[in-house]
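So the structure is just underneath, and the comments pick up after that.
Note that these values count all heavy atoms, side chains included, but never hydrogens, waters or copies made by symmetry. All values derive from a computational prediction rather than experimental measurement.
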Amino acid sequence: MLKKILIVAALMVLGFIMKDIRNGEGMVLENILIYGGIALGVIAFKEWVEVPYDWDKHKNKDKDKEKKNLG
């Protein structure tokens with residue numbers, strides 16, 4: 001998951017850099033860092049939200065222990 005986040009964020013930053021170069025603006029370190037931070041934050045949040053959370057995991061732990069003891 002971390003590799004995917006970093007790769008997509010890096011591609012987004014490269015895209016923004018290419019957009020700035022095509023518009024005739026120079027490569028400014030501040031813009032690159034801002035673009036990178038925003039891209040990394042958005043992609044990481046999207047990936048984090050996609051993972052379902054088991055709200056009943058404390059209940060499931062007891063059930064798993066009971067199944068192991070019975071089996």
Note, I32 side chain near F16 side chain (heavy atom, < 4.5 Å): no
Heavy-atom side-chain contact between I43 and L6 under 4.5 Å: no
Y35 OH to E30 CD distance, which is reported to the nearest 0.5 Å: 11.5 Å
Distance, nearest 0.5 Å, that separates CE of M18 from CG of N23: 11.5 Å
Path from V42 to I34 over hydrophobic side-chain contacts below 4.5 Å: yes
Hydrophobic cluster membership, I21 vs V13, 4.5 Å side-chain cutoff: yes
